[in-house]
Amino acid sequence: MKTFNAHNTSHELQDANDVMYPFSALIGHAGLRQALLLAAVDPGIGGVLISGPRGTAKSTAARALAALLPGAPFVSLPLAATVEQLVGTLNLEHVLRDGLVRLAPGMLARAHGGVLYVDEVNLLPDALVDALLDAAASGINTIEREGVSRQHAARFVLIGTMNPEEGELRPQLLDRFGLSVVLENPTDHALRQSIVRARLDFDLDPQALMQRTASAQAELVSRMAAAREALPAVDWSDAVLAHATALAVQAAVDGVRGDLVLLKAARAHAVLAGRLEVTPADVDTVAEWALGHRRMAPAPQAQQAAAPPRTTSGPSGAGSAGSQADHSLTSAAGDWGALPAQAEGWEAVRTTGGPVAKKA
């Protein structure tokens, strides 16, 4: 019978005969692997959204990450889950009898200290996405029922995957993910061969592949543990903070969530490299993952000052450019799909009872 390695205890939803593909054996997608490690070093980053076509090892990488955290659970959230199954519920039936409110924990409680994986997160109901993103960012899950509220720790690495062909996340929800990585199909022939060969080797003899990567896997586990321990002692200099906020302004992100995530990711990158000082280079390395999905094209100030007032003009005329620009900004802010009011013409028609207005 196949067995798990010493560090692979995160097999909650795995078949007893399965072996997790080792993280150290992943080939390609260097940005994805780095972003996952950063989120595991500091779950407060808010998780990682992985967007890409099917068959690009999104779920394989997510499951492999849990094996780097000894004793960490791996919890997969099904699309059919309810809010109560996710956050838990409060049993109030015993209050009158014994004065106690009993907590029935949900998946957020089970994922504490481990990895919560959401496949096809773009297909989840908004209420579920809101709840899990709130818990991922704060590390606390709040359960409320009939005016009674209870909280418990829910610190986990959130990993969401999606295929853009099946629909996008609303901008408001997209912004709530800490880091975002966009994958593409491998087009380099040699790289593609290496990926396919490694997977075939694993399917043929998983234990042999795990033995070959055992040393690298153990070194990665040790680095992760050291980085997580050193994280609270590392701070940002004024120069690093200024560099991060300048990049956020340049990307024209809404609010300051992007700035905060950028700094946290840069700190995780520094400690993962064995350093106790964050540098502007750390910020540059993680900037695209932290700001890419929040970036909005900034309009030059001169153009904004000269823009005419909003009108409902048609495609031609002086008000067209201003109307289209305003509609673009409104769409980016979340009111997408809205259209300006259109004038309707009316004409009089004659009936036996007299003239009646009829829409043109």
Side-chain angles (χ1 to χ4, degrees), residues 10-16 18 39 43-51 54 58-63 65-66 69 72-98 100-180 293 334 336-337:
S10 56
H11 53 275
E12 177 179 337
L13 299 180
Q14 295 289 308
D15 185 88
D18 286 344
I45 288 175
V48 180
L49 175 65
I50 311 171
S51 176
R54 62 185 65 87
K58 298 187 295 292
S59 60
T60 298
R63 295 177 184 276
L65 181 68
L69 308 174
F74 181 90
V75 178
S76 182
L77 177 65
L79 289 176
T82 64
V83 174
E84 290 74 18
Q85 290 173 325
L86 177 65
V87 304
T89 187
L90 297 175
N91 189 334
L92 304 181
E93 281 69 22
H94 300 280
V95 173
L96 296 179
R97 187 182 67 191
D98 52 20
L100 298 176
V101 177
R102 301 186 184 277
L103 170 65
M107 293 182 179
L108 294 179
R110 290 163 50 200
H112 179 59
V115 173
L116 178 60
Y117 172 65
V118 187
D119 191 18
E120 297 179 323
V121 64
N122 51 322
L123 303 183
L124 277 180
D126 288 351
L128 284 178
V129 180
D130 276 329
L132 67 90
L133 289 175
D134 280 340
S138 65
I140 299 175
N141 178 42
T142 301
I143 308 170
E144 296 180 346
R145 180 183 172 190
E146 298 179 10
V148 179
S149 177
R150 291 290 185 273
Q151 292 182 332
H152 67 78
R155 189 172 175 83
F156 52 85
V157 183
L158 173 64
I159 303 176
T161 62
M162 58 176 282
N163 184 346
E165 295 179 356
E166 299 172 349
E168 297 286 352
L169 272 177
R170 291 196 296 113
Q172 295 91 333
L173 299 179
L174 184 62
D175 174 66
R176 300 286 301 281
F177 272 96
L179 306 177
S180 176
H293 57 303
W336 47 270

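Listed here is the closest heavy atom pair of Ala135 and Leu108: CB-CD1, 3.8 Å. Summarising the geometry of Phe156 relative to Leu132, their closest heavy-atom pair is CZ-O, 4.0 Å, with the distance given to 0.1 Å. Across all their heavy atoms, Leu158 and Phe177 have their closest contact at CD2-CE2, 3.8 Å. Nearest heavy-atom pair across Ala66 and Phe74 is CB-CD1, 3.8 Å. Pairing each heavy atom of Ala154 with each of Asn141, the nearest pair is CB-CB, 4.0 Å. The shortest heavy-atom contact between Pro78 and Met107 is CD-CE, 3.6 Å.
Between atom CD1 of residue Ile143 and atom CD of residue Gln151 there is a gap of 9.5 Å, rounded to the nearest 0.5 Å. The line from CD1 of Ile159 to CG of Leu116 is 9.0 Å long, rounded to the nearest 0.5 Å. Taken to the nearest 0.5 Å, the CG atom of Asn122 stands 8.0 Å off from the OG atom of Ser51. Taking CD1 of Ile140 as the reference point, atom CZ of Arg155 lies at 10.5 Å (rounded to 0.5 Å). Rounded to the nearest 0.5 angstrom, Leu123 CG and Leu79 CG are separated by 6.0 Å. Expressed to the nearest 0.5 Å, how far CG of Leu133 lies from CG of Leu49 amounts to 9.5 Å.
Side-chain N or O atoms of His152 include none that pairs as donor or acceptor with a backbone N or O of Pro105 at under 3.5 Å.
Between Val121 and Leu124 there is a side-chain heavy-atom pair separated by less than 4.5 Å.
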TODO: Check the pair Asp130 / Arg176 against salt bridge (Lys or Arg N to Asp or Glu O under 4.0 Å), numbers first and verdict last.
DONE: CA-CA 9 Å; Asp130 276 329; Arg176 300 286 301 281; 3.8 Å; yes

TODO: Kindly determine whether Lys58 and Met162 satisfy side-chain contact (heavy atoms from CB on, under 4.5 Å), including the steps that lead there.
DONE: CA-CA 9 Å; Lys58 298 187 295 292; Met162 58 176 282; over 6 Å; no

- [ ] May I have the step-by-step check of side-chain contact (heavy atoms from CB on, under 4.5 Å) for Val118 and Thr161, ending in yes or no?
- [x] CA-CA 6 Å; Val118 187; Thr161 62; over 6 Å; no

